[in-house]
Amino acid sequence: MSYETLNLKTPSPVLSWAGHQLGDLESKMAQNVASLPFVFKHVALMPDVHLGKGALVGSVIATEEALIPAAVGVDIGCGMMALQMPFTGDRLDGKLKTIRQQIEAAIPVGFNENKNVETSVTNWMGWRQFKDLHRGAARLEGKALKQMGSLGGGNHFIEICLDEDNNVWLMLHSGSRHIGNMLAQYHIDTAKELAKLAQIELPDRDLAYFVANTPEFDAYWRDLQWAQDYARFNRKVMMDRLKRIVEQQVAGGKPLQPKLVVNCHHNYAEKEVHFDREVYVTRKGAVRARENDYGIIPGSMGAKSYIVKGKGNAESYCSCSHGAGRLMSRSKAKKSFTLDDLVAQTDGVECRKDKGVIDEIPGAYKPIDKVMAQQSDLVEVVATLKQVLCVKG
């Protein structure tokens, strides 16, 4: 057992896999969530836990008959995808720079959109439900269409990695782009307005919630599921492009069959059964890790990443961490590190090495090895990856 029960004196206990004492602000945030009347059994904190909005990033919150939109967050369905390719790293020798340039040309990053929309995108089944989304989303269909297959910014990335046996893995991290963000904001605002009208006292306004079997809850649940589907398919569209680029370089364009495919969310909510009760489970920066579920736990740019298999730990609501977790804010990282630091810490990785990505320097993140050591009861490691190429959002 690697968790501890925090001494917070809340109606619902807080179990922490962090392995260290939480800071005052982190403790307060955990206490706020655990004091809500609809929290089921306990709150679980993952090893990479850190400050978020309303709830800690790295929280697993099971609730009965209620959902907190801000706990899910604004990048609905953000997550990871990885493919194990059927060849080894020697096939990439001398080709990484060309591959990176082709990725950057084929997959928009930051605020950029696709200039052309491919057939696989226009044929996505989800567009049929677009008209049913929150009325504020009606004007965003064109943008959502053009952003499908785009990476976004911040800590989103595309990588090519090698495992311990020199097998090649393709990996990427992204979510539901602008449309998911806007849908989340609409519902967060509605929840706050309802709490104000009902004069509900909350420990934090960002913990405003919807109650099940109300029109507002139903509307949020519908939009949430749609955005999660968008995010999952967005990753697949990008991965298909990445795979084609790599196949062109190593196999003359011949399609290759991956040995393993993993596509998992880490900012989302689902209905699940835990402790013989059907509840809503919100994973805010956490990955589902039921027995034999495959998951992805990335380190920072320049550090190891892990493909894992879940152990189905009931106390964690069958969950594990979603990454290393930030050690410092982006602004602090920019002040603390130099361009020379970035170059040194990403040695051996084909990637951007300029001031625009200093906030993503490995030193701004918690050591991934420590994070992994804290969750040996949650997951087993299937493969340990080290990136040789990284494209940042």
Side-chain angles (χ1 to χ4, degrees), residues 73-83 95-127 130 133 137 139-161 169-185 226-249 253 263 265-267 296 298 301 330 346 349-360 387-393:
V74 295
D75 195 357
I76 298 171
C78 185
M80 299 284 304
M81 186 170 183
L83 304 185
K95 299 171 182 174
L96 289 176
K97 187 171 183 179
T98 299
I99 290 173
R100 179 165 77 94
Q101 290 170 341
Q102 290 181 349
I103 293 169
E104 290 169 344
I107 301 176
V109 303
F111 293 106
N112 294 332
E113 303 172 347
N114 293 285
K115 292 183 175 65
N116 300 305
V117 180
E118 58 217 83
T119 305
S120 64
V121 171
T122 55
N123 287 345
W124 179 54
M125 297 289 288
W127 300 122
F130 200 94
L133 300 179
R139 60 189 172 81
L140 298 175
E141 186 169 7
K143 188 176 185 69
L145 192 69
K146 289 181 180 178
Q147 283 196 330
M148 177 70 85
S150 66
L151 189 66
N155 62 355
H156 292 169
F157 62 79
I158 298 166
E159 289 183 346
I160 298 177
C161 306
W169 292 74
L170 311 183
M171 188 163 74
L172 57 84
H173 172 209
S174 191
S176 54
R177 307 297 288 109
H178 183 71
I179 182 63
N181 185 328
M182 294 308 298
L183 288 171
Q185 293 289 359
W226 185 91
Q228 288 172 184
D229 289 345
Y230 180 100
R232 188 182 296 278
F233 190 66
N234 181 44
R235 291 192 288 273
K236 183 183 182 303
V237 172
M238 286 187 285
M239 185 59 81
D240 288 346
R241 292 182 198 167
L242 172 60
K243 182 172 176 284
R244 284 196 296 270
I245 289 167
V246 173
E247 287 167 344
Q248 191 63 48
Q249 290 297 318
N263 192 347
H265 296 320
H266 55 225
N267 279 359
I296 306 166
M301 181 171 62
R330 295 184 182 280
T346 58
V349 182
E350 174 60 44
C351 64
R352 282 176 59 190
K353 300 179 193 278
D354 57 64
K355 290 183 178 180
V357 290
I358 284 181
D359 57 335
E360 282 294 305
Q387 64 273 79
V388 292
L389 178 152
C390 179
V391 173
K392 274 289 178 186

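From a predicted model like this one, the values you see are computed outputs, not experimental measurements. All values below were derived from every heavy atom in this structure, side-chain atoms included, with hydrogens, water molecules and symmetry-related copies excluded.
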I'd like to know whether Y230 forms a side-chain contact (heavy atoms from CB on, under 4.5 Å) with L183, so could you lay out the CA-CA distance, the side-chain angles of the two residues, the decisive distance to 0.1 Å, and finally the verdict. CA-CA 12 Å; Y230 180 100; L183 288 171; over 6 Å; no

Indicate every side-chain donor-acceptor pair of residues 99-111 with a distance under 3.5 Å to a residue at least two apart or in another chain.
{"unit_1": "R100", "atom_1": "NE", "unit_2": "E350", "atom_2": "OE2", "d": "2.7"}
{"unit_1": "R100", "atom_1": "NH1", "unit_2": "E104", "atom_2": "OE2", "d": "2.9"}
{"unit_1": "R100", "atom_1": "NH2", "unit_2": "E350", "atom_2": "OE2", "d": "3.1"}

Can you check whether [X] reaches [Y] side chain to side chain, under 4.5 Å on heavy atoms?
X    : Y    : result
L145 : W127 : yes
R177 : S150 : yes
M238 : M81  : no
N263 : M239 : no
F157 : C351 : no

Once side-chain contact (heavy atoms from CB on, under 4.5 Å) is applied, do any residues pair with [X], and if so which ones, sequence neighbours excluded?
X    : value
K243 : L83, M85, L170, E247, P258
D354 : R352, V357
D240 : K236, R244
E360 : N155, M301, R326, R330, Y365, K392

Determine whether H266 and C78 satisfy the following criterion, side-chain contact (heavy atoms from CB on, under 4.5 Å), listing intermediate values before the conclusion. CA-CA 6 Å; H266 55 225; C78 185; 3.5 Å; yes

According to ring pair (Phe, Tyr, Trp, His ring centres under 6.0 Å), who are the partners of W169, at least two apart in sequence or on a separate chain? none

